Student: 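What follows is a structure written as structure tokens; I'll ask about it next.
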There are 2 protein chains.
Amino acid sequence: MPVNQIRQKLKQKGLRVTPQRIAIYEAVVKINNHPTAENIIDHIKTNHPNISTGTVYKVLDSLVENNLLKKVKTEKGLMRYDADISHHHHLYCTETDRIEDYKDEHLDKLISKYFEKKSIKDFRIQDIKLQITGKLINKT
Amino acid sequence: MPVNQIRQKLKQKGLRVTPQRIAIYEAVVKINNHPTAENIIDHIKTNHPNISTGTVYKVLDSLVENNLLKKVKTEKGLMRYDADISHHHHLYCTETDRIEDYKDEHLDKLISKYFEKKSIKDFRIQDIKLQITGKLINKT
DNA sequence: TTCTCCAAAGATAATGATTCTCTTTTAGAA
DNA sequence: TTCTAAAAGAGAATCATTATCTTTGGAGAA
């Protein structure tokens with residue numbers, strides 16, 4: 001993603017455009033595997049050796065708060081981040097721990113329709129995502 | 001859940017029946033909110049003041065490995081556990097962080113049928129669960 | 001019932017992940 | 001160009017989980 005696009009996203013959210021924020025956001029996009037903070041730190045350390053761990057966490061928090069990133073649910077006791085903030089689902093590979101985005105508008109419609117008719121007692125639905133677990137084939 | 005039933009589950013999995021395992025498993029069931037290790041420790045400390053934190057983690061790991069418990073995905077950077085190992089979905093309350101089980105056989109059939117026809121490229125599905133996010137009403 | 005053995009637990013140190021705090025730097029408005 | 005407060009740097013502190021060594025006790029054999 002072009003740096004100018006990242007700058008624009010930051011500006012639109014009223015956030016200062018700093019090299020750290022650009023680098024961290026870009027890393028989440030480029031890693032393309034819903035990275036942890038450590039993955040991000042490893043990724044940016046070459047070009048940005050002085051970005052501290054605390055900064056990475058603070059920037060990630062800020063980007064999440066401002067809806068530029070989202071967190072992904074995992075069961076691993078650590079946080080992973082998603083650069084794609086549009087509605088989508090996730091494919092969780094049980095072998096590699098890779099998490100991929102999965103978009104399926106037809107399926108979305110099906111599920112939306114289903115829950116239009118079927119409400120859940122004592123619960124107001126805000127969002128529904130699929131957690132599709134399995135094995136990636138032909139991919140690292 | 002009766003202690004004898006817990007004993008039986010442990011025996012069936014070839015695990016030694018120890019008071020710690022019974023207490024920890026029972027806690028997960030009774031808390032009924034996909035607890036963290038800390039929730040479990042707090043819950044059992046009254047009747048079992050000597051169960052150490054390391055033991056709790058080891059027992060939880062053992063119960064998960066032996067399919068007596070499952071881990072639940074969250075985005076919080078810590079682990080939560082599920083005593084219900086049958087197929088189901090989860091309701092995540094954005095206000096209270098409560099996680100409830102949600103079973104819906106009709107929905108399961110719908111989704112199964114959908115993916116019988118629709119395969120995902122380079123991905124072999126093993127399981128599909130819904131992460132239903134929203135707000136619990138009238139519940140603590 | 002007793003004995004034995006090794007799996008499990010206790011204790012706590014170690015490690016990894018995240019948050020906090022204080023000081024310095026810098027983005028951007030004026 | 002200057003100024004200011006937001007952001008970053010550094011690293012300590014806290015929290016969550018794992019590792020390691022010693023002790024205990026579950027359960028099977030006798």
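Naming: A, B, ... by sequence-line order, numbering from 1 per chain. From a predicted model like this one, the values you see are computed outputs, not experimental measurements.
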Student: Using a 4.0 Å heavy-atom cut-off across all strands, classify A:Pro19 as base, sugar-phosphate, or nothing.
Tutor: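 Counting heavy atoms under 4.0 Å across all strands, the contact made by A:Pro19 is with sugar-phosphate only.
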Student: Does B:Arg21 or A:Glu38 map to a spot on DNA chain C nearer the 5' end, using the closest nucleotide for each?
Tutor: B:Arg21
Student: Can you tell me the distance, in whole Å, between the CG atom of A:Leu10 and the C1' atom of D:dA8?
Tutor: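 Those two atoms, CG and C1', are 15 Å apart.
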Student: Is the backbone of B:Tyr92 close enough, under 3.5 Å, to the side chain of B:Arg98 for a donor and an acceptor to pair up by distance?
Tutor: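 No, because the side chain of B:Arg98 does not come within donor-acceptor range (under 3.5 Å) of the backbone of B:Tyr92.
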Student: Please tell me if A:Tyr57 has a side-chain N or O lying less than 4.0 Å from either OP1 or OP2 of C:dT18.
Tutor: yes
Student: Using whole Å, what does the distance between atom P of nucleotide D:dA6 and atom CG of A:Asp61 come to?
Tutor: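 The distance from CG of A:Asp61 to P of D:dA6 comes to 17 Å, rounded to the nearest Å.
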Student: About how many Å separate CD1 of A:Ile99 and OG1 of A:Thr74, when rounded to the nearest 0.5 Å?
Tutor: 6.0 Å
Student: Against B:His89, only a single residue in B:Asp108, B:Asp101, B:Asp104 fulfils side chain to side chain donor-acceptor pair (under 3.5 Å); can you say which?
Tutor: B:Asp108
Student: Closest-nucleotide mapping onto DNA chain C: is A:Thr18 or A:Thr55 further toward the 5' terminus? I mean the 5' end.
Tutor: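 Nearer the 5' end of the strand: A:Thr55.
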Student: How close or far is atom P of C:dA8 from atom CD1 of B:Ile22, stated in whole angstroms?
Tutor: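 Taking atom P of C:dA8 as the reference, CD1 of B:Ile22 is at 14 Å.
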Student: Using a cut-off of less than 4.0 Å, is there contact between a side-chain N or O of B:Gln20 and OP1 or OP2 of D:dG26?
Tutor: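 Checking B:Gln20 against D:dG26: no side-chain N or O falls below 4.0 Å of OP1 or OP2.
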Student: Kindly say whether, by distance alone, the side chain of B:Lys58 makes a donor-acceptor pair under 3.5 Å with the base of C:dG10?
Tutor: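 For B:Lys58, whose side chain was compared with the base of C:dG10, there is a donor-acceptor pair (under 3.5 Å).
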Student: Given B:Ile132, which partner from the list A:Ile111, A:Ile125, A:Asp127 fulfils the side-chain contact (heavy atoms from CB on, under 4.5 Å) test?
Tutor: A:Ile125
Student: What contact category does A:Ser62 fall into here, base, sugar-phosphate, or nothing, at under 4.0 angstrom with non-hydrogen atoms?
Tutor: nothing
Student: Any side-chain N or O of B:Ser52 under 4.0 Å from OP1/OP2 of C:dA9?
Tutor: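 Indeed not, no polar side-chain atom of B:Ser52 lies that close.
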Student: How many whole angstroms separate atom CG of A:Asn50 from atom C1' of D:dA8?
Tutor: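 The distance from CG of A:Asn50 to C1' of D:dA8 comes to 11 Å, rounded to the nearest Å.
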Student: Which nucleotide, C:dA9, D:dA7, C:dA8, lies nearest any side-chain atom of A:Leu15?
Tutor: D:dA7
Student: The side chain of B:Arg16 is closest to which nucleotide in this list: D:dG25, C:dG10, C:dT18?
Tutor: D:dG25
Student: Return yes if some donor-acceptor pair links the side-chain N/O of A:Asn33 with the main-chain N/O of A:Pro35 below 3.5 Å, else return no.
Tutor: no
Student: Find the distance B:Lys11:NZ to D:dA27:P and express it as a whole number of Å.
Tutor: 7 Å
